**Q** 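Structure below; questions to follow.
Numbers for residues simply follow the sequence, beginning at 1. In this text the structure is predicted, and so the values were computed from the model without any measurement.
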Amino acid sequence: MLKVLKKSFFILKNNLIFIQPLLFLLLIFMTAAAVVVNKNFYTVPKIILLFSMILLLAAFSSGWFYINKLGMSDYNENDLKEEIVSKAVKNFKKFFEGVGIGFFKILFSYFIIFIIYSVLLFLCAKLCLIIFGEPKIIYELPKLAKAASQAEILNILNNLSNNDKMVFSYWVLAINIAASVLNFFSMLYFAVISLENANIFKSLWISIKFFFKNILETASVIMVMFLLYVILNLLSLILGTNSLSFVILIILFTLYLNYYLLLVFCLYNEKTKDNGNNGTEFIG
(Lines give C-alpha, C1' and ligand atoms only; values in the text may rest on other atoms or scores of the structure.)
Protein backbone atom coordinates (compact mmCIF):
# COMPACT_ATOMS: atom_id res chain seq x y z
CA MET A 1 0.00 0.00 0.00
CA LEU A 2 2.86 2.36 0.84
CA LYS A 3 4.30 1.72 -2.62
CA VAL A 4 1.03 2.81 -4.24
CA LEU A 5 0.85 5.95 -2.07
CA LYS A 6 4.40 6.95 -3.00
CA LYS A 7 3.99 6.13 -6.69
CA SER A 8 0.79 8.18 -6.92
CA PHE A 9 2.48 11.12 -5.20
CA PHE A 10 5.43 11.12 -7.60
CA ILE A 11 3.21 10.75 -10.67
CA LEU A 12 1.25 13.79 -9.50
CA LYS A 13 4.49 15.66 -8.75
CA ASN A 14 5.76 14.90 -12.27
CA ASN A 15 2.45 15.93 -13.88
CA LEU A 16 1.26 18.99 -11.96
CA ILE A 17 0.10 20.41 -15.28
CA PHE A 18 -2.75 17.87 -15.12
CA ILE A 19 -4.58 19.89 -12.47
CA GLN A 20 -5.20 22.74 -14.92
CA PRO A 21 -8.35 21.28 -16.55
CA LEU A 22 -9.75 20.41 -13.13
CA LEU A 23 -8.99 23.86 -11.75
CA PHE A 24 -10.62 25.48 -14.76
CA LEU A 25 -13.68 23.23 -14.42
CA LEU A 26 -14.09 24.02 -10.72
CA LEU A 27 -14.03 27.75 -11.41
CA ILE A 28 -16.65 27.36 -14.16
CA PHE A 29 -18.84 25.25 -11.87
CA MET A 30 -18.64 27.74 -9.00
CA THR A 31 -19.65 30.54 -11.36
CA ALA A 32 -22.53 28.50 -12.79
CA ALA A 33 -23.66 27.39 -9.32
CA ALA A 34 -23.99 31.02 -8.24
CA VAL A 35 -26.48 31.49 -11.10
CA VAL A 36 -28.34 28.18 -10.80
CA VAL A 37 -28.99 28.24 -7.03
CA ASN A 38 -30.36 31.78 -7.18
CA LYS A 39 -34.10 32.42 -7.06
CA ASN A 40 -36.44 31.13 -9.78
CA PHE A 41 -34.46 27.95 -10.45
CA TYR A 42 -37.10 26.47 -12.77
CA THR A 43 -36.50 28.73 -15.73
CA VAL A 44 -35.59 27.54 -19.21
CA PRO A 45 -32.17 29.28 -19.32
CA LYS A 46 -31.16 27.80 -15.95
CA ILE A 47 -32.29 24.30 -16.93
CA ILE A 48 -30.31 24.61 -20.18
CA LEU A 49 -27.31 25.81 -18.16
CA LEU A 50 -27.63 22.83 -15.81
CA PHE A 51 -27.66 20.30 -18.66
CA SER A 52 -24.77 22.15 -20.32
CA MET A 53 -22.76 21.79 -17.12
CA ILE A 54 -23.45 18.04 -17.05
CA LEU A 55 -22.16 17.71 -20.62
CA LEU A 56 -19.16 19.89 -19.77
CA LEU A 57 -18.41 17.74 -16.71
CA ALA A 58 -18.45 14.58 -18.85
CA ALA A 59 -16.19 16.17 -21.46
CA PHE A 60 -13.65 17.46 -18.95
CA SER A 61 -13.70 14.23 -16.96
CA SER A 62 -13.08 12.01 -19.99
CA GLY A 63 -10.08 14.10 -21.03
CA TRP A 64 -8.77 14.36 -17.47
CA PHE A 65 -9.07 10.62 -16.80
CA TYR A 66 -7.31 9.91 -20.09
CA ILE A 67 -4.25 12.12 -19.48
CA ASN A 68 -3.90 10.76 -15.94
CA LYS A 69 -4.00 7.23 -17.30
CA LEU A 70 -1.22 8.17 -19.74
CA GLY A 71 0.74 9.82 -16.94
CA MET A 72 0.53 6.63 -14.87
CA SER A 73 1.45 4.39 -17.82
CA ASP A 74 4.47 6.55 -18.76
CA TYR A 75 5.79 6.90 -15.20
CA ASN A 76 9.41 5.84 -14.73
CA GLU A 77 11.18 6.71 -11.48
CA ASN A 78 14.50 6.84 -13.33
CA ASP A 79 13.44 9.53 -15.81
CA LEU A 80 15.55 12.67 -15.99
CA LYS A 81 13.94 16.08 -15.40
CA GLU A 82 13.84 16.84 -19.13
CA GLU A 83 12.09 13.52 -19.85
CA ILE A 84 9.56 14.13 -17.07
CA VAL A 85 8.63 17.55 -18.46
CA SER A 86 8.49 16.22 -22.03
CA LYS A 87 6.17 13.35 -21.09
CA ALA A 88 3.90 15.60 -19.03
CA VAL A 89 3.46 18.12 -21.85
CA LYS A 90 3.01 15.39 -24.47
CA ASN A 91 0.29 13.66 -22.43
CA PHE A 92 -1.41 16.93 -21.51
CA LYS A 93 -1.77 17.75 -25.22
CA LYS A 94 -3.82 14.54 -25.60
CA PHE A 95 -6.58 15.92 -23.38
CA PHE A 96 -9.00 16.47 -26.29
CA GLU A 97 -8.11 13.07 -27.71
CA GLY A 98 -9.34 11.64 -24.42
CA VAL A 99 -12.56 13.63 -24.70
CA GLY A 100 -13.25 12.08 -28.08
CA ILE A 101 -12.47 8.58 -26.87
CA GLY A 102 -14.37 8.50 -23.59
CA PHE A 103 -17.06 11.19 -23.65
CA PHE A 104 -20.18 9.02 -24.00
CA LYS A 105 -18.88 6.32 -21.66
CA ILE A 106 -18.19 8.88 -18.95
CA LEU A 107 -21.47 10.72 -19.54
CA PHE A 108 -23.60 7.60 -19.04
CA SER A 109 -21.42 6.39 -16.16
CA TYR A 110 -22.25 9.62 -14.32
CA PHE A 111 -25.93 8.72 -14.48
CA ILE A 112 -25.13 5.32 -12.96
CA ILE A 113 -23.05 6.94 -10.22
CA PHE A 114 -25.88 9.41 -9.52
CA ILE A 115 -28.36 6.55 -9.08
CA ILE A 116 -25.96 4.66 -6.77
CA TYR A 117 -25.34 7.80 -4.69
CA SER A 118 -29.07 8.56 -4.42
CA VAL A 119 -30.04 5.04 -3.36
CA LEU A 120 -27.21 4.47 -0.86
CA LEU A 121 -27.39 7.91 0.75
CA PHE A 122 -31.18 7.48 1.06
CA LEU A 123 -30.62 4.14 2.80
CA CYS A 124 -27.95 5.74 5.01
CA ALA A 125 -30.40 8.49 6.01
CA LYS A 126 -33.12 5.91 6.79
CA LEU A 127 -30.66 3.93 8.92
CA CYS A 128 -29.55 7.06 10.78
CA LEU A 129 -33.19 7.95 11.45
CA ILE A 130 -33.78 4.52 13.01
CA ILE A 131 -30.57 4.48 15.07
CA PHE A 132 -30.04 8.14 16.05
CA GLY A 133 -33.45 9.72 15.60
CA GLU A 134 -34.49 12.84 13.72
CA PRO A 135 -31.99 15.74 13.60
CA LYS A 136 -33.94 18.79 14.79
CA ILE A 137 -31.62 21.04 12.79
CA ILE A 138 -33.66 20.30 9.66
CA TYR A 139 -36.36 22.61 11.04
CA GLU A 140 -33.78 25.39 11.27
CA LEU A 141 -32.61 25.07 7.66
CA PRO A 142 -34.82 27.94 6.36
CA LYS A 143 -33.29 30.23 9.02
CA LEU A 144 -29.77 29.02 8.22
CA ALA A 145 -30.36 29.66 4.51
CA LYS A 146 -31.42 33.23 5.24
CA ALA A 147 -28.63 33.91 7.77
CA ALA A 148 -26.66 37.00 6.79
CA SER A 149 -23.47 36.24 8.73
CA GLN A 150 -21.48 33.44 10.32
CA ALA A 151 -22.34 34.87 13.75
CA GLU A 152 -26.05 34.50 12.98
CA ILE A 153 -25.51 30.89 11.89
CA LEU A 154 -23.61 30.13 15.11
CA ASN A 155 -26.39 31.75 17.15
CA ILE A 156 -29.02 29.49 15.52
CA LEU A 157 -26.87 26.40 16.12
CA ASN A 158 -26.20 27.37 19.74
CA ASN A 159 -29.94 27.46 20.43
CA LEU A 160 -30.14 23.73 19.73
CA SER A 161 -30.11 21.40 22.75
CA ASN A 162 -27.04 19.29 23.50
CA ASN A 163 -28.96 16.16 22.51
CA ASP A 164 -29.93 17.71 19.15
CA LYS A 165 -26.30 18.67 18.53
CA MET A 166 -25.20 15.13 19.36
CA VAL A 167 -27.77 13.59 17.00
CA PHE A 168 -26.71 15.98 14.25
CA SER A 169 -23.01 15.11 14.77
CA TYR A 170 -23.83 11.39 14.49
CA TRP A 171 -25.68 12.06 11.24
CA VAL A 172 -22.77 14.10 9.86
CA LEU A 173 -20.27 11.38 10.80
CA ALA A 174 -22.37 8.56 9.29
CA ILE A 175 -23.04 10.46 6.05
CA ASN A 176 -19.36 11.44 5.76
CA ILE A 177 -18.31 7.80 6.13
CA ALA A 178 -20.89 6.69 3.56
CA ALA A 179 -19.84 9.48 1.19
CA SER A 180 -16.16 8.54 1.59
CA VAL A 181 -16.91 4.96 0.57
CA LEU A 182 -19.03 6.14 -2.36
CA ASN A 183 -16.35 8.61 -3.46
CA PHE A 184 -13.77 5.83 -3.51
CA PHE A 185 -16.10 3.57 -5.46
CA SER A 186 -16.73 6.36 -7.99
CA MET A 187 -12.99 6.77 -8.55
CA LEU A 188 -12.61 3.00 -8.82
CA TYR A 189 -15.43 2.80 -11.36
CA PHE A 190 -13.78 5.50 -13.47
CA ALA A 191 -10.43 3.72 -13.15
CA VAL A 192 -11.96 0.52 -14.55
CA ILE A 193 -13.69 2.44 -17.35
CA SER A 194 -10.40 4.16 -18.23
CA LEU A 195 -8.09 1.14 -17.93
CA GLU A 196 -10.29 -1.68 -19.22
CA ASN A 197 -11.85 -2.28 -22.60
CA ALA A 198 -15.34 -2.89 -21.21
CA ASN A 199 -18.74 -1.23 -21.38
CA ILE A 200 -20.09 0.79 -18.45
CA PHE A 201 -22.16 -2.07 -17.00
CA LYS A 202 -19.36 -4.61 -17.21
CA SER A 203 -17.03 -2.00 -15.70
CA LEU A 204 -19.47 -1.53 -12.82
CA TRP A 205 -19.45 -5.26 -12.11
CA ILE A 206 -15.64 -5.40 -12.27
CA SER A 207 -15.50 -2.46 -9.84
CA ILE A 208 -17.80 -4.17 -7.34
CA LYS A 209 -15.79 -7.41 -7.47
CA PHE A 210 -12.50 -5.51 -7.11
CA PHE A 211 -13.85 -3.47 -4.19
CA PHE A 212 -14.73 -6.53 -2.10
CA LYS A 213 -11.79 -8.66 -3.26
CA ASN A 214 -9.35 -5.95 -2.06
CA ILE A 215 -11.32 -4.68 0.92
CA LEU A 216 -8.27 -3.98 3.14
CA GLU A 217 -6.53 -1.91 0.47
CA THR A 218 -9.73 -0.03 -0.37
CA ALA A 219 -10.30 0.71 3.33
CA SER A 220 -6.72 2.00 3.59
CA VAL A 221 -7.19 4.37 0.65
CA ILE A 222 -10.51 5.62 2.07
CA MET A 223 -8.86 6.27 5.45
CA VAL A 224 -5.90 8.14 3.92
CA MET A 225 -8.09 10.32 1.72
CA PHE A 226 -10.57 10.97 4.53
CA LEU A 227 -7.72 12.19 6.77
CA LEU A 228 -6.44 14.44 3.98
CA TYR A 229 -9.97 15.78 3.55
CA VAL A 230 -10.17 16.56 7.28
CA ILE A 231 -6.81 18.38 7.04
CA LEU A 232 -8.14 20.42 4.11
CA ASN A 233 -11.17 21.43 6.16
CA LEU A 234 -8.99 22.42 9.11
CA LEU A 235 -6.85 24.51 6.77
CA SER A 236 -9.96 26.26 5.48
CA LEU A 237 -10.80 27.26 9.06
CA ILE A 238 -7.25 28.42 9.77
CA LEU A 239 -6.82 30.40 6.55
CA GLY A 240 -10.16 32.17 6.84
CA THR A 241 -12.25 33.58 3.99
CA ASN A 242 -10.05 36.16 2.26
CA SER A 243 -9.33 36.02 -1.49
CA LEU A 244 -5.79 34.65 -1.13
CA SER A 245 -6.87 31.79 1.13
CA PHE A 246 -9.69 30.97 -1.32
CA VAL A 247 -7.20 30.60 -4.20
CA ILE A 248 -4.86 28.49 -2.04
CA LEU A 249 -7.69 26.19 -0.95
CA ILE A 250 -8.97 25.73 -4.50
CA ILE A 251 -5.47 24.73 -5.68
CA LEU A 252 -5.05 22.35 -2.72
CA PHE A 253 -8.47 20.82 -3.43
CA THR A 254 -7.58 20.18 -7.08
CA LEU A 255 -4.31 18.56 -5.95
CA TYR A 256 -6.31 16.44 -3.52
CA LEU A 257 -8.72 15.27 -6.23
CA ASN A 258 -5.93 14.54 -8.70
CA TYR A 259 -3.97 12.58 -6.10
CA TYR A 260 -7.13 10.64 -5.20
CA LEU A 261 -7.69 9.71 -8.83
CA LEU A 262 -4.08 8.63 -9.35
CA LEU A 263 -4.09 6.67 -6.10
CA VAL A 264 -7.10 4.60 -7.18
CA PHE A 265 -5.71 4.21 -10.72
CA CYS A 266 -2.39 2.97 -9.33
CA LEU A 267 -4.06 0.65 -6.82
CA TYR A 268 -6.18 -0.94 -9.53
CA ASN A 269 -3.20 -1.18 -11.88
CA GLU A 270 -0.95 -2.76 -9.22
CA LYS A 271 -3.56 -5.35 -8.28
CA THR A 272 -4.34 -6.35 -11.87
CA LYS A 273 -1.01 -5.96 -13.69
CA ASP A 274 -0.05 -9.58 -13.04
CA ASN A 275 -3.11 -10.48 -15.08
CA GLY A 276 -2.06 -8.25 -17.98
CA ASN A 277 -4.18 -5.35 -16.60
CA ASN A 278 -7.20 -7.45 -17.31
CA GLY A 279 -10.02 -6.89 -14.85
CA THR A 280 -12.04 -9.80 -16.19
CA GLU A 281 -10.62 -11.89 -13.34
CA PHE A 282 -13.07 -10.10 -11.10
CA ILE A 283 -16.08 -10.97 -13.19
CA GLY A 284 -16.06 -14.69 -12.73
**Q** When you look at E97 and Y66, which way does the side chain to side chain contact (heavy atoms under 4.5 Å, CB included) test go after all the steps?
**A** CA-CA 8 Å; E97 179 183 321; Y66 186 71; 2.7 Å; yes
**Q** Does either side chain, that of E196 or that of Y268, offer a donor lying less than 3.5 Å from an acceptor on the other one?
**A** yes
**Q** Does the E270 side chain pair with the main chain of L267, one donor and one acceptor, at a distance under 3.5 Å?
**A** no
**Q** Could you tell me how the ring of F108 sits relative to the ring of F111: parallel (under 30°), tilted (30 to 60°) or perpendicular (over 60°)?
**A**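 Taking F111 first and then F108, their aromatic rings sit tilted (interplane angle of 30° to 60°).
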**Q** Would a distance-only check, ignoring hydrogens and angles, find a side-chain to backbone donor-acceptor pair under 3.5 Å from S86 to E83?
**A**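 Not a single qualifying donor-acceptor pair exists.
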**Q** Go through the structure and list residues passing side chain to side chain donor-acceptor pair (under 3.5 Å) with N258, not counting sequence neighbours.
**A**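 Residues passing side chain to side chain donor-acceptor pair (under 3.5 Å) with N258: W64, N68.
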**Q** Judged by atom type as modelled, is there a donor-acceptor pair below 3.5 Å linking the side chain of W171 to the main-chain atoms of G133?
**A**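 Yes.
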**Q** In this structure, is the centre-to-centre distance between the rings of F10 and Y75 below 6.0 Å?
**A** no
**Q** Parallel, tilted or perpendicular: which one describes the rings of F185 and F211, with boundaries at 30° and 60°?
**A** perpendicular
**Q** Check for a donor-acceptor pair, side chain of Y117 on one end and backbone N or O of I112 on the other, with a separation under 3.5 Å.
**A**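 Such a contact is absent between Y117 side chain and I112 backbone.
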**Q** Just do the side-chain hydrogen bond (donor to acceptor under 3.5 Å, both in side chains) check on Y229 and N183 with the steps written out, would you?
**A** CA-CA 12 Å; Y229 180 74; N183 290 339; over 6 Å; no
**Q** Taking Y189 for the side chain and I200 for the main chain, is one N or O donor matched with an acceptor at less than 3.5 Å?
**A**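 Yes; judged by distance alone, with no hydrogens or angles, the pair exists.
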**Q** Applying side chain to side chain donor-acceptor pair (under 3.5 Å), name anything that partners S61, two or more places apart in sequence or on another chain.
**A**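 Applying side chain to side chain donor-acceptor pair (under 3.5 Å) to S61 gives Y110.
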**Q** Rounded to the nearest 0.5 Å, what's the gap from NZ on K202 to CG on N197? Could you check?
**A**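 Going from NZ on K202 over to CG on N197, the span is 8.0 Å.
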**Q** Short question: side chain of N15, backbone of I11 - any donor-acceptor pair under 3.5 Å?
**A**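 Yes.
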**Q** Test of understanding: clusters of I, L, V, M, F, W, Y form through side-chain heavy atoms closer than 4.5 Å, transitively. Do L227 and L262 belong to the same one?
**A**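 Looking at the clustering, L262 is in a separate group from L227.
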**Q** Taking D74 as the fixed residue, which of K90, K94, K87, K69 is the one that meets the salt bridge (Lys or Arg N to Asp or Glu O under 4.0 Å) rule?
**A**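 When salt bridge (Lys or Arg N to Asp or Glu O under 4.0 Å) is applied between D74 and each of K90, K94, K87, K69, only K90 qualifies.
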**Q** Checking one residue: V230. Which other hydrophobic residues are in its cluster under the side-chain 4.5 Å linking rule?
**A** F226, L234
